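Since the model is a prediction, treat every value here as computed from it, not as a measurement. In listed order, ligands and their atoms are each counted from 1.
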Amino acid sequence: MTEQDFILKSYNTNKESGSVKWASPSNIALVKYWGKKKHQIPENPSISFTLSDCKTITEITYTKKEAKGFSFDIYFEGEKNEAFKPKIQTFFERIETYMPFLKDYHFKIETSNTFPHSSGIASSASGMSAIALCLMSIENELSDIQNDSEESKDFFNQKSSFLARLGSGSACRSIEGELVVWGKNESIDDSSDLYGVKFEGDVHSNFKKYQDTILLVDKGEKQVSSTVGHQLMYGHPFAKERFEQAHVNLAKLKAILASGDLNEFIKIVESEALTLHAMMMTSMPYFILMKPNTLEIINKIWAFREKTDSKVCFTLDAGANVHVLYPESEKENVLEFIKDELVSYCQNGHYICDQIGQGANQIQF
Ligand code: DP6
């Protein structure tokens with residue numbers, strides 16, 4: 001697939017109006033995307049667990065219009081929201097070539113999250129993928145395409161992921177479950193820089209229903225956005241080695257997912273999380289997104305592993321919150337550990353229990 005394959009060639013605007021609705025999940029990267037080229041092309045491949053319960057639910061109502069230009073309104077949790085408009089405007093500009101009908105309709109975008117707004121959980125992955133999926137459903141309605149063949153479903157998922165990527169890189173990994181790879185890598189067939197692909201390799205039963213409890217250490221606005229952080233990888237002294245390392249880690253993880261070796265899984269996942277933050281600390285200007293409680297939690301997890309034979313581990317995204325990952329078989333013990341020893345480091349004692357999920361769902365009316 002190339003960019004050209006995603007350009008919608010013909011459609012009809014006889015349809016006056018319609019409504020579509022999708023629920024799309026968040027995802028947590030195991031090998032991290034950090035650094036991008038033009039047009040949201042990643043500098044290195046990444047792989048993520050799709051989450052199950054942390055989702056954005058978005059409904060788009062489209063109505064035919066005459067005037068030229070983009071026209072849309074956004075409602076977040078029932079209230080009109082102006083703050084999201086510039087991001088959506090940029091998104092529409094980036095994807096217009098692939099969806100020429102965008103200027104023929106007015107779009108009412110109504111969106112909400114299943115997780116608290118100010119939780120510090122990045123909603124760009126679930127939010128942008130939900131919009132991309134809605135727009136793809138509209139594209140199908142305007143082209144009279146039924147999504148019933150395997151081929152058309154594959155195209156739908158690929159183009160949704162392709163569009164979501166142009167909204168926010170990590171969003172392209174939220175369309176499908178349970179594991180998604182984004183970025184060309186030799187060890188993964190069909191992997192692409194343009195969109196995420198479902199990981200089709202063997203996955204050991206140790207990883208079935210893998211748990212992710214998100215400890216909300218800091219719910220405030222981040223001092224440095226991911227977009228700025230990615231830019232700081234240009235001319236970063238360790239960039240080349242880091243991008244190569246991600247390729248190696250992805251290939252290693254592929255073998256680990258098949259063998260079910262949880263000790264090796266922990267090594268890759270925790271090293272990836274710390275490397276991501278090491279990149280932030282060694283860029284110019286440098287910055288730190290972890291908080292003292294992030295480190296307290298990491299040390300507690302290491303101490304717990306030392307004294308029990310638990311395979312619990314952590315990963316981080318671009319913030320202070322900690323994702324605690326563990327096999328389903330350890331659910332009871334780890335939750336007890338979290339309540340006894342980690343909750344006190346969470347802001348207002350807040351944490352969210354989630355697990356690996358299957359990807360986005362269309363909601364029928
Ligand atoms: C640290 O996808 O949020 O979570 O493409 O600029 O929207 P943009 O960035 P974004 O970056 C996410 C980075 C990360 C790692 C990851 O999810 O792979």
Peer 1: Can you find an N/O atom of Ala171 closer than 3.5 Å to an N/O atom of ligand 1?
Peer 2: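 In fact, backbone or side chain, Ala171 has no N or O that close.
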Peer 1: Take a 6.0 Å sphere around NZ of Lys64 and say whether it holds more than 12 heavy atoms from other residues, nucleotides or ligands.
Peer 2: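 Yes, because the 6.0 Å sphere around NZ of Lys64 holds more than 12 heavy atoms from other groups.
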Peer 1: Of the side chain and backbone of Ala29, name the one, both, or neither that has a heavy atom under 4.0 Å from an atom of ligand 1.
Peer 2: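 The answer is the side chain.
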Peer 1: Measuring from atom CD of Glu139 to atom CG of Leu8, what distance do you get when rounded to the nearest 0.5 angstrom?
Peer 2: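 Interatomic distance, Glu139 CD to Leu8 CG, rounded to 0.5 Å: 4.5 Å.
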Peer 1: Could you go through the salt bridge (charged side-chain N to carboxylate O under 4.0 Å, His left out) check for Glu178 and Lys208 one step at a time?
Peer 2: CA-CA 9 Å; Glu178 298 182 327; Lys208 280 276 158 275; 3.6 Å; yes
Peer 1: Considering only heavy atoms of Ala318, which atoms of ligand 1 have at least one such atom less than 4.0 Å away?
Peer 2: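 This gives 1 (C) as the contact atoms.
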Peer 1: With a 4.0 Å cut-off on heavy atoms, is Lys36 in contact with ligand 1?
Peer 2: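 Judged by the 4.0 Å heavy-atom criterion, Lys36 does count as contacting ligand 1.
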Peer 1: Looking at ligand 1, does any of its N/O atoms fall within less than 3.5 Å of an N/O of Asp317?
Peer 2: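 Among all N and O atoms of Asp317, none is under 3.5 Å from an N or O of ligand 1.
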Peer 1: Can a side-chain donor-acceptor contact be found between Ser168 and Lys87 if the only test is distance below 3.5 angstrom?
Peer 2: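 Result is no, nothing qualifies.
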Peer 1: Run the side-chain contact (heavy atoms from CB on, under 4.5 Å) test against Thr58 and tell me which residues pass, sequence neighbours left out.
Peer 2: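 For Thr58 the side-chain contact (heavy atoms from CB on, under 4.5 Å) partners, ignoring immediate neighbours, are Thr56, Ile60, Ile109, Thr111, Ala130, Ile131, Cys134.
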Peer 1: Gln89 and Lys85: side-chain donor and acceptor closer than 3.5 Å?
Peer 2: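 There is no such pair between these side chains.
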Peer 1: For ligand 1 and Lys32, I'd like to know whether there is a polar contact (N/O to N/O, distance under 3.5 Å).
Peer 2: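 By distance alone, the answer is no.
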Peer 1: Check the pair Glu272, Arg242 against salt bridge (charged side-chain N to carboxylate O under 4.0 Å, His left out), reporting the backbone distance first and the verdict last.
Peer 2: CA-CA 10 Å; Glu272 275 289 322; Arg242 161 60 199 153; 2.8 Å; yes
Peer 1: Give a yes/no on ligand 1: does Arg173 have at least one heavy atom closer than 4.0 angstrom to it?
Peer 2: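 Per 4.0 Å heavy-atom rule, Arg173 contacts ligand 1.
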Peer 1: Can you find an N/O atom of Thr227 closer than 3.5 Å to an N/O atom of ligand 1?
Peer 2: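 Min N/O separation from ligand 1 is below 3.5 Å for Thr227.
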Peer 1: Please work out, at 4.0 Å between heavy atoms, whether the side chain, the backbone, both, or neither of Ile28 comes within that distance of ligand 1.
Peer 2: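 Within the 4.0 Å criterion, Ile28 makes no contact with ligand 1.
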Peer 1: Please check if atom CD1 in Ile288 has more than 12 non-hydrogen atoms from other residues, nucleotides or ligands closer than 6.0 Å.
Peer 2: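 No - once you tally the heavy atoms of other residues, nucleotides and ligands closer than 6.0 Å, there are 12 at most.
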Peer 1: Would you tell me which option among Gly169, Ser170, Ser124 has the nearest heavy-atom contact to atom 12 (C) of ligand 1?
Peer 2: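 Comparing heavy atoms across Gly169, Ser170, Ser124, the nearest one to atom 12 (C) of ligand 1 lies in Ser170.
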Peer 1: For ligand 1, which is the ligand I care about here, please tell me if Tyr33 has any N or O atom under 3.5 Å from one of the ligand's N or O atoms.
Peer 2: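 Yes: some nitrogen or oxygen of Tyr33 is under 3.5 Å from one in ligand 1.
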